[in-house]
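The structure under discussion appears below in the form of structure tokens.
This structure is a prediction, so every number in the text was calculated from the model and none was measured. Positions are given from 1 along the sequence. The figures here come from the full heavy-atom set of this structure, side chains too, leaving out hydrogens, waters and symmetry mates.
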Amino acid sequence: MYITLEADYAVRIVDCLAQHQMRMDAKSLSAATGVTLRFALKILRKLVAEGIVRSYKGTQGGYELARPAGEIALGEVIEIVEGPIVISRCVGDDTFQCSRVEKCACRFNKTYTEIAQLVREHLYAVNFEQ
């Protein structure tokens, strides 16, 4: 299990905005985080759509956090890009069709669910103000 590059970049972008505490244009964010401009814009669209980042148009435009950094959890940013935090397809994916005849017969489903919940709790315990 690993965090994808897109999720890592989203965390970098939100952290950069939290550290600078001011509006930044996409080009500056790209340079400061090492994320290509094109990929940064794609991620910023997702963050804006979910209310993490606010965008402004025009010559004084740019991006800034839509909420205080202390109210934005690391897990929230990761789930915006990745979707729900799970460690197995059979946990949390309603479209997954288990090959087992008896779905409830899997001995590990409960363990996978518990581990995913622990990971989620830890990621949501960290915010961008810390």
Does [X] reach the side chain of [Y], with side-chain heavy atoms less than 4.5 Å apart?
X: Phe128; Y: Leu65; value: no
X: Glu129; Y: Pro68; value: no
X: Leu37; Y: Leu29; value: no

Is Leu118 reachable from Val126 through a run of I, L, V, M, F, W or Y residues, each pair having side-chain heavy atoms under 4.5 Å apart?
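Hydrophobic grouping puts Val126 apart from Leu118.
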Answer with yes or no whether the hydrophobic clustering places Ile80 together with Ile72; edges join I, L, V, M, F, W, Y residues whose side-chain heavy atoms lie under 4.5 Å apart.
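Linked within one cluster.
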Hey, could you give me the OG/CG distance between Ser55 and Leu41, rounded to the nearest 0.5 Å?
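It is 10.5 Å, given to the nearest 0.5 Å.
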How far does CD1 of Ile13 sit from NZ of Lys46, to the nearest 0.5 angstrom?
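Reported value, rounded in 0.5 Å steps: 11.0 Å.
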In sequence, state the C-alpha distance, the side-chain angles, and the governing distance for Thr4 and Asp8, and then conclude on side-chain contact (heavy atoms from CB on, under 4.5 Å).
CA-CA 6 Å; Thr4 66; Asp8 179 51; over 6 Å; no
Which atom names give the shortest non-hydrogen contact between [X] and [Y], and what distance separates them?
X: Val35; Y: Ala40; value: CG1-N, 3.6 Å
X: Ala116; Y: Ile85; value: CB-O, 3.7 Å
X: Glu71; Y: Arg67; value: O-NH2, 3.1 Å
X: Ala7; Y: Ile78; value: CB-CG2, 4.5 Å
X: Gly51; Y: Ala66; value: O-CB, 3.3 Å
X: Val81; Y: Ala10; value: CG2-CB, 3.6 Å

Quick one: which residue pairs count as a ring-ring contact (aromatic ring centres under 6.0 Å, His included) with a foot in residues 5-63, not counting sequence neighbours?
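Counting only pairs at least two positions apart or across chains, the ring-ring contact (aromatic ring centres under 6.0 Å, His included) contacts touching residues 5-63 are Tyr9-Phe39.
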Show your reasoning for whether side-chain contact (heavy atoms from CB on, under 4.5 Å) applies to Leu74 and Asn127.
CA-CA 6 Å; Leu74 177 61; Asn127 66 57; over 6 Å; no
Do Gln117 and Tyr112 get their side chains close enough for a donor-acceptor pair, meaning under 3.5 Å?
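No, Tyr112 and Gln117 have no side-chain donor paired with an acceptor closer than 3.5 Å.
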More than 12 heavy atoms of other residues, nucleotides or ligands under 6.0 Å from CD of Gln60: yes or no?
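Open: at most 12 neighbouring heavy atoms sit under 6.0 Å from CD of Gln60.
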Quickly, which of Thr33, Leu17, Val77 forms a side-chain contact (heavy atoms from CB on, under 4.5 Å) with Arg12? Name it, please.
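Of the listed options, the one satisfying the test is Thr33.
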Applying salt bridge (Lys or Arg N to Asp or Glu O under 4.0 Å), which residue pairs with at least one partner in residues 21-40 are found, sequence neighbours left out?
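Output for this query lists Arg23-Glu64.
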Run Glu76 and Ile52 through side-chain contact (heavy atoms from CB on, under 4.5 Å) and show every step you take.
CA-CA 9 Å; Glu76 183 179 7; Ile52 299 293; 3.3 Å; yes
Audit row: Arg45, Lys42, side-chain contact (heavy atoms from CB on, under 4.5 Å) steps and yes/no:
CA-CA 5 Å; Arg45 277 192 299 275; Lys42 176 184 174 188; 3.7 Å; yes
